[in-house]
Amino acid sequence: TTPLPLLANTPVHARLELFAKKMHFCCHTFNFEKVNIELKEKELKRIYLTEIIHFMEESKGILIEPIYAISFAMFCRNVFRSLPPKNPDYDPDEDDPISDPAWPHLQLVYSFIVRVLESPDFQPSEAKQFIDHKFVEHLIEMFSSDDINERECLKTVLHRIYGKFLGLRSYIRGEVNNKFLEVIYEDLSFPGATEILEVMGSIINGYACPLKHEHIHFLFSVLLPLHTSSKLQQFQAQLVYCVVQYLEKDPSLTEKFTKRFLKLWPKTVTSKEVMFLGELEEIIDVMQPAEFLKVQEDIFLRLAKCIKCEHFQVAERALYFWDNEYIVSLIEVSAAQILPLVLSSLISVSNHHWNKTITSLAANILKNFMSGNQKFFTKMVMTMKSKKQSEKERAERSKELWRSLEEQAAMNRKIENSSSVLEEK
Amino acid sequence: KEMAEEAGDDSLYPIAVLIDELRNEDVQLQLNSMRKLSTIALALGVERTRSELIPFLTDSMCDEDEVLLALAEQLGSFTPLVGGNSFAHCLLPPLESLSTVEETVVRDKAVDSLRSVANDHSANDLEAYMIPLIKRLATGDWFTSRTSACGLFSVVYPRVSSALKQELRTMFRNLCGDDTPMVRRAAASKLGEFAKVVEREQVTSDLIPLLHNLASDEQDSVRLLSVDGCVTMADLLNESECEQYLLGTIREAAADKSWRVRYMLADKFTLLQKAVGPQLTHQHLVPAFQALLKDCEAEVRAAVAYKVKSFCENLQVDKREQVIMNSILPHVKELVTDANQHVKSALASVIMGLSPVLGKDNTIEHLLPLFLTQLKDECPDVRLNIISNIDCVNEVIGIDQLSQSLLPAIVELAEDGKWRVRLAIIEHMPLLAAQLGQQFFDDKLNELCMQWLVDHVFAIREAATTNLRKLVEAFGVNWAKDTVVPKILNLAQDQNYLRRMTTIFCVNELATALSGELLTKLILPTIIRLSTDNVANVRFNVCKCMERVGLQLDGTSLSTEVKPMLQRLTHDKDVDVQFFAQRALQTLA
């Protein structure tokens, strides 16, 4: 293959055709796993790609239909590919970043399409025949890539498309929905969840109030269950941002969301508990006092359990809630309701926890409570003791009831058996 | 509360107990009571279970997933508790609700229970109650109910009217074309089981088109499920129907752009082969198999490598050799030197199996070089897999050809730096010994086995003693007497106490295989000597040994030598020695 002439050296009237020819060449994909084959051709493609990026940036009025056609054809041919099997031992934090061997070309293809999408001449009405439902489906599929650079590029492409194609927005949200549902219900490993949540964050930011039913549905049916994913750590920061956006826009969602969030509390993974505590604090930070009153009991029942956790990081994170001025001010307003809930945990932990930091943190909190509310405090301690006693009695009663139920059941079973014996006769 | 007050005659109202416990914030308490639901039902009796308990469970559905799971499970066997089959339909409302919840395990359990309860329904009841339920689920808003619906078709279809059968098929078709990939996947995975209960003409007219659609779905996770569907369908259709309807799909799967689909095909290949029959296999599946052997993705090559033996075995006998030699073997040769070790390892685990299929001459000329190459592979797994399958070859060509190369390979594995590799070779040793024969073993492998007894990893020493027992079982007591026992006894004089203990462990292990006489005459003196060892561990292991083997010894030795020794050790300065000596004396008394 002899190289085509440079665009800069070509007369203006012939440039567009040359431009298209170069893109045609770039539709051809090369095998980078075999390192030593087709070196000249690979280099040529890189040169062409670099050149057309520059050309797209500099030129005006070149976005006509055949150019849209070839641009998106080139993008699809290069980018929409079957990703290789994932290495199960790969740890994104520990191991070297993964990159497609063809990244030198891919990167330029992404760069080019972003220039197209961002061009002042870009007309969605003309491009929409190429950016259809299938395109969106494939695009979202590519977010499975392990390559963080590629996902950054995909994020930009998705964001631009969402911004410019109003008619596709609903479909995009639907596809995003489906992917997240797979993450939630089929434990799909999906590295791009992080980037897509970033995009959703800025989309949610743009929602008008009052929020549409569809958007509220997304919060409760997708964002909330996403918290149960085993891979939460990968995307929690972005997820929390989305959640907080929602709660700031529509405080009336707070009660329902917070209560359901608390119901999803991790039972066995302490690192997740710490994440949840962090998120809980962020949610409370944007809560109006009136909303807080509705959920304070649920929150502090949970905090009471966390304070008693054997894992010191969980206990510590829970106790640090008392470092938050806003939270302390909310507690003071409802001290009479909140204090009884955490009292027994604080007392037992300040006496018994294996970790010195925890015992001293808890002791401090108790001291502050006591100094403000001496009489109330003593009364609470007594109530706590009598509660323990009544709980014991309840358990005894329950045992008795079950025993008599089982007797009754055994009697009924005997009657049935003997009557069925009679029937057989 | 109203119900609790109503109960005039019973002072104890079962449902009130349940309500109370389910309200408790401790999930464990809720769970415990839910698991005893049958007790409550029995205490109530069938009528009140129907009229009060079941409605209560349907309406006040708690939201704790673990509790819901327990409920879903209980309801599956509740038919007798609501009064038998004619009342089975009462269980449908709570189960329908459970099959729409978010949490997958709860939904799946609810569907299982619905399937079992459906079997309790009469045909009329199925039409009156279950069909509407399925309709509601299949047209539900949220994907959860539609996914659950997919699992209910095959269990009701056989017993309903043909008009309803038509409706069911239409509903199933809609689910296969649902917008949500998860629903399509659920439908795809149930297609096979549905096809088994549908009439032949309808399978070809209604269900095959669904299979084709699923096989060309945009999502590869849907397409790969259609491979399984192909296998089931192939079992149901005759040969010409298979050719007409299925082979195109299979060919497309073999060339699918997603490696996951090709992998699935490779994995199911022998099932497919059996289902379509030898004729079609020869015409169509052999080329597909070849393509998979050359696949660009290592995972696919590994999956198909595992199938090489069974695929070849199941080819039509009269053309088999020719097909293998011309179409399969050339590609198999390539896999022997594949870049990926999992591929090579997979191949090594089955390649020896080609020997019986191809016969002596072909094995010697074509297969032997491949075995020898893999025997020298850099990856221990490959070598181990070859060695563990020696028996196939032995029957065909005799072991002599291989044993030359075998020995260096065995020695290298036996001395590998990784102890798990050494362990694997030890575990194969009894098999090898049987194949290679006692003479070969004595000449070449005996040293190795003794070496393992003094390996610095305990797991190896332990496996080595077990190995010895198996060898003794294979070669006999006389062999043991001459070859093994002297060496074991020698160890008792080693400087290292761990090796001295190995002697004792060997005796423990071998005792059952040796005669009492042998034990008394040859072995006992050494053991008695070890009872005065200066390391306590050795001494108390002597006690434990006597506990195990003492009763095999003759009466005289027992009373004149063993018991006095144990008596002496009950006063040992170490408490553990005292303890085990005491215990041994009690056992031998």
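This structure is a prediction, so every number in the text was calculated from the model and none was measured. Numbers restart at 1 for each chain; the letters A, B, ... are given by sequence-line order, proteins then strands.
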B/D26, CG atom: more than 12 neighbouring heavy atoms under 6.0 Å: yes
Are any non-hydrogen side-chain atoms of A/N177 and B/F143 less than 4.5 angstrom apart?
-> no
The side chain to side chain donor-acceptor pair (under 3.5 Å) partners of B/D381 (sequence neighbours excluded) come to none
Give a yes or no on this: more than 12 heavy atoms of other residues, nucleotides or ligands lie within 6.0 Å of atom NZ of A/K134. no
(message) A quick test of your reading: do over 12 heavy atoms of other residues, nucleotides or ligands sit less than 6.0 Å from CZ of A/R169?
(response) yes
So, the part of A/E186 with a heavy atom under 4.5 Å from chain B: the answer is side chain
In this structure, CG of A/L401 is separated from OG of B/S33 (nearest 0.5 Å) by 11.5 Å
**Request:** Could you tell me whether the side chain of B/W259 and the main chain of A/L83 form a donor-acceptor pair under 3.5 Å?
**Result:** yes
Cut-off 4.5 Å, heavy atoms of chain B, and the answer for A/K305 is neither
Among A/A395, A/P225, A/P84, the residue with the most heavy-atom pairs under 4.5 Å to chain B is A/P84
Output for pair (A/W402 CH2, B/I40 CD1), nearest 0.5 Å, gives 4.0 Å
Of all heavy-atom pairs linking B/E102 and A/S221, the shortest is OE1-O, 4.5 Å
Does B/T39 reach the main-chain N or O of A/E406 with its side chain, forming a donor-acceptor pair under 3.5 Å?
-> no
So, the part of A/E182 with a heavy atom under 4.5 Å from chain B: the answer is both
Does the side chain of B/E218 reach to within under 4.5 Å of the side chain of A/H133, using non-hydrogen atoms? no
If one checks every heavy atom of B/D20 against chain A at 4.5 Å, the contacting part turns out to be neither
If one checks every heavy atom of A/E33 against chain B at 4.5 Å, the contacting part turns out to be neither
Whatever's closer than 4.5 Å to a heavy atom in chain B on A/R394 counts as side chain
Polar side chain donor-acceptor pair, A/Y185 to B/E103, under 3.5 angstrom: no
Donor-acceptor contact present, side-chain A/N412 to main-chain B/L42, <3.5 Å = yes
When rounded to the nearest 0.5 Å, the distance separating NZ of A/K179 from CE of B/M182 is 10.0 Å
Under 4.5 Å to a heavy atom of chain B? For A/H217 that would be side chain
For A/F32, the ring-ring contact (aromatic ring centres under 6.0 Å, His included) test, sequence neighbours excluded, returns A/H105
Interface check, chain A: of B/E297, B/E64, B/R185, most non-hydrogen pairs under 4.5 Å belong to B/R185
Original post:
Do other residues, nucleotides or ligands put more than 12 heavy atoms under 6.0 Å from B/E47 CD?
Top reply: no
Note: B/S258 and A/S82 closest approach over all heavy atoms is CA-OG, 3.5 Å
